[in-house]
Amino acid sequence: MDNEKILQGLNPAQLEAVKSLNGPVLIIAGAGSGKTKALTHRIANLIAHNVPPHNILALTFTNKAAKEMKERIAGLIGQDKAKFLWAGTFHSIFSRILRIEADKIGFNSNFSIYDTDDSTSLLRKIIANFANQSRKISVNPIRSKISGLKNQMITTKEFATKAMVADDKIVADIYRLYEFELQKSNAMDFDDLLLNMIVLLRSSKEVLHKYQNAFKYILVDEYQDTNKAQYIAVKLLASAHQNICVVGDDAQSIYRWRGADISNILEFNKDYPYSKVIRLEQNYRSTKNILKAAHGVIRNNKNQLPKKLWTENDTGELIDVLQCADEKEEAFRLSTLVQKELQKGRKLNEIVILYRTNAQSLALENSLRTHNLPYIIVGGISFYKRKEIKDVIAYITLLVNPYDNEAFTRSINEPPRGFGQTSLRHLKDYADSKGLALINACKEVDKIPEIRGKAAAAATVFAAMVNEYTNKIKEGLSANLISSYLEESGVLDMYNEIASEDSYDRLENIKQLLIDLESYIQDNPQADLTEYLQQISLVSDVDEKNLDGNNLTLMTLHTAKGLEFPVVFIAGMENGLFPLIRDRIELEEEEEERRLFYVGVTRAKEKLYLTYALRRAKFGEISSQKPSKFLREIPSDVLQTALSTGRTNSEFTGRPTQNRINYNARQERRENYSQIPPDYDESQLPPEEHQGNMSITNSPLQPGDKVHHSNFGRGIILKIEGFGQQKKATVRFDSVGTKSLMMQFAKLQRI
DNA sequence: GACCTGCTGATTTTT
DNA sequence: TCAGCAGGTC
């Protein structure tokens, strides 16, 4: 063991963290303060002090963080030892344990993991069947309410007794039915993975002691983002040995809205009275100016632990604030600035553009493409959430967990087999009355008089096919086998037959999944499908994306946490957008928005640009915007501002990308596309008067002009009113009569 | 049961 | 705007 290597290159605070091996330790680690270094060296040091790696549990929030940690520890102590560490996300480690102990909590070890979409679709069905139909119940609020209850560890029974108002009573009923369906399907949602771990630990003294002794040393990363269930689970595990080390930064807590409880970190000292507190306050990442800005912002929050970051880095450049006329100009100027950074010798992968909401990426993408700037988007819809991938996964899931009724419902009529909603309802009634899984009810379809003919035949054939492949994979798993299963099911043909670009992409995505499966099998010869499915159900987009390529990166501020870039742009610095406000903003929400801004600012190593627009299209409406209040919180001596040129650019009215997935086939195509030389030339900008939708003709449309509209066909303009983007046209169409249209969206063509 | 059309509503999202 | 549903029609 190379002891010196472990203690080398650490500052005094880091060194103390690395050397404090026993008892509770709280490390307050400011942004860019070498937190991962302290954590990984500490783990290496534990092993150097003869703690067996398999007695160490390191919990993170993302796979990416876990992977980085494992790699760095392997670099310090060697892969042969590092591989025995229990390092991973809360969800992946807990589901590993839950599979081992499944029978103790009434599950089968092949349980399915339902992601948010699966939960939503299950809830939607429950709501649709719900007796109380007096008014419309929307799914999303119900789902987040139930998730919130689970995060607070409130059971269906507890909530049912607490529920006083009518709304809560409805939620209580839906919650109960939802849990019942999950149970029947042998499935857990994300929240259950945490909750059931607690149920397991509380199920018997033996189990609790087993895992307390298995994990003699526990480390938790990003502790400020733990919710109640995570907090309790960790507390249960750590209570015997009290060797718990948590790392976090209350200033970077940005997940309150999904149950993260900042008091877990603020009150660590109360939970573990003899804990040692170590502060990592030297920042190695950012310039003095950037830190000054970050500090100026975060000091406006009341609820926080005392600390102040400092750095020995250079003062660095000033922070640029740019005012833009609208989101198109913002995107345009951003692209130009990116090009300037490239001319200065920056590489694309050193640059990131951050925004508050995913919707903002559209305008940015259009502009980046016209400027020939290749980019990748992290976030948005993940590969595994694509319809075709979810369909294929549903088919595969059925082979492993036949009880999974969601997987069955998803696949039975995809492609259409003549087994629709009505047949499904009859099947479900029968299955429920007999206590059967849907797929098993299919085998008795002859006993269901309501299902006859084509539907009955479809059910029988489907069940037989699933049965056949279930047996086949028991003899040996291969991607080829899964491929012929999908072939036989008709999913592949379904996309083959539709000769569209879209279905081509979908097929390519399925192929990509099969390639992925193949390489998984090769890397893990002993692994089974359950493990594969678990792994893909617990990965996120950030884990998959390679941020080192020759692309610049676009992502939301949330996704950016834990990352750093030499050049950071934050777009949309406007009140209402950032801080994001729906109706009324509470102080706590505003403080969370401010922490989010703090996270964004501290991603930057050398250069930070902040942009805002005076007008912005929201849901197709134009609204005037005011600069974000956060901008005023930045000390003015680190800022330099530039006002709008007042120009908008008609180049950017083009169609947004059809789909924001930059994965495999689609990504390649997009990269090719962005290699088309830019045809934009500032001197050739059309005069202001002609901008907007009028790139087709050279003079503005006027009353009396005959026009063509893509939906309504031929028409004649009766009236034009408003200016610029507010411009409206009243048009009498041959087909649909008179309509009033926003000209910037209507794309009227003169005929 | 499949397909088309019109309406509605829309944050952030580690897993 | 635009996606994702519900509800109507064939």
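Throughout, a chain's letter reflects where its sequence line sits, starting with A, and its residues are numbered from 1.
The separation between Lys618(A) atom NZ and dT11(B) atom C1' is 12 Å, rounded to whole Å. Counting to the nearest Å, the P atom of dT1(C) and the CD atom of Glu327(A) are 13 Å from each other. Atoms CG (Asn63(A)) and P (dT14(B)) sit 11 Å apart, rounded to a whole Å. Computed from coordinates, the Glu414(A) CD to dG1(B) C1' distance equals 14 Å when rounded to whole Å. Taking atom CZ of Arg452(A) as the reference point, atom C1' of dG1(B) lies 14 Å away to the nearest angstrom. A straight line from CG of Asp189(A) to C1' of dT14(B) spans 16 Å, rounded to a whole angstrom. Between the NE2 atom of His91(A) and the C1' atom of dT13(B) there is a distance of 12 Å, given to the nearest Å. Across the protein-nucleic acid pair, Phe90(A) atom CZ and dT14(B) atom P stand 16 Å apart, rounded to whole Å.
Pairs of residues two or more places apart, or lying in two chains, never qualify as salt bridge (charged side-chain N to carboxylate O under 4.0 Å, His left out) while including a residue from residues 415-427 of chain A. The salt bridge (charged side-chain N to carboxylate O under 4.0 Å, His left out) pairs that include a residue from residues 139-148 of chain A are Lys145(A)-Asp168(A), where partners are two or more places apart or lie in different chains.
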N/O-N/O pairs, protein side and nucleotides 2-6 of chain B side, under 3.5 Å:
unit_1	atom_1	unit_2	atom_2	d
dA2(B)	OP2	Asn413(A)	ND2	2.9

At a cut-off of 3.5 Å, list every protein nitrogen or oxygen paired with a nitrogen or oxygen from nucleotides 8-10 of chain C, distance to 0.1 Å.
none

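Comparing Leu193(A) and Asn140(A) by the nucleotide of DNA chain B whose heavy atom lies nearest to each, the residue mapping closer to the 5' end is Asn140(A).
With dT13(B), dC5(C), dT11(B) as the choices, the nucleotide that has an atom nearest any side-chain atom of Asn358(A) turns out to be dT13(B). For Thr556(A), counting side-chain heavy atoms from C-beta on, the closest listed nucleotide (dT13(B), dG1(B), dT11(B)) is dT13(B). Side chain of Arg124(A), nearest nucleotide from dT12(B), dC5(C), dT11(B): dC5(C). Among the nucleotides dG1(B), dT11(B), dC5(C), the one closest to any side-chain atom of Ser423(A) is dG1(B). Closest contact between the side chain of Tyr255(A) and the listed nucleotides dT12(B), dT14(B), dT11(B) involves dT14(B).
A heavy-atom distance below 4.5 Å is found between the side chains of Phe61(A) and Gln230(A).
Between Thr357(A) and dA10(B) there is no side-chain N or O to OP1 or OP2 distance below 4.0 Å. A close approach under 4.0 Å does not occur between any side-chain nitrogen or oxygen of Arg258(A) and OP1 or OP2 of dT12(B). Between Thr116(A) and dT13(B), a side-chain N or O to OP1/OP2 separation shorter than 4.0 Å is absent.
With sequence neighbours excluded, the residues forming a side chain to side chain contact (heavy atoms under 4.5 Å, CB included) with Lys428(A) are Glu181(A), Lys184(A), Asp432(A), Leu438(A), listed by chain and number. Taking the salt bridge (Lys or Arg N to Asp or Glu O under 4.0 Å) definition, one finds that Asp221(A) meets it with Lys35(A), sequence neighbours left out. Taking Glu588(A) as the reference, Arg256(A) meet the salt bridge (Lys or Arg N to Asp or Glu O under 4.0 Å) condition, with sequence neighbours excluded. Taking the side chain to side chain contact (heavy atoms under 4.5 Å, CB included) definition, one finds that Thr530(A) meets it with Arg99(A), Asn110(A), Val400(A), Asp528(A), sequence neighbours left out. Under the rule for a side chain to side chain donor-acceptor pair (under 3.5 Å), the partners of Thr226(A) that lie at least two apart in sequence or sit in another chain are Asn264(A). Listed by chain and number, the residues in a side chain to side chain contact (heavy atoms under 4.5 Å, CB included) with Ala187(A) are Ser112(A), Tyr114(A), Leu182(A), Ser185(A) (sequence neighbours excluded). Applying the salt bridge (Lys or Arg N to Asp or Glu O under 4.0 Å) test to Glu591(A) and every residue at least two apart in sequence or in another chain returns nothing.
When ring centroids are compared, Tyr223(A) and Tyr231(A) stay outside the 6.0 Å threshold.
Taking the 5.5 Å centre cut-off and the 30° plane limit, the aromatic side chain of Trp257(A) is classed as stacked on dT12(B).
Within a heavy-atom distance below 4.0 Å of DNA chain B, the residues of residues 219-232 of chain A found are Asp225(A).
Nucleic acid contact class of Thr422(A) (heavy atoms, under 4.0 Å, all strands): sugar-phosphate only.
The closest side-chain donor-acceptor pair between Thr357(A) and Gln360(A) falls under 3.5 angstrom. Checked by atom type, the side-chain pair Glu222(A)/Thr60(A) shows no donor-acceptor distance below 3.5 Å.
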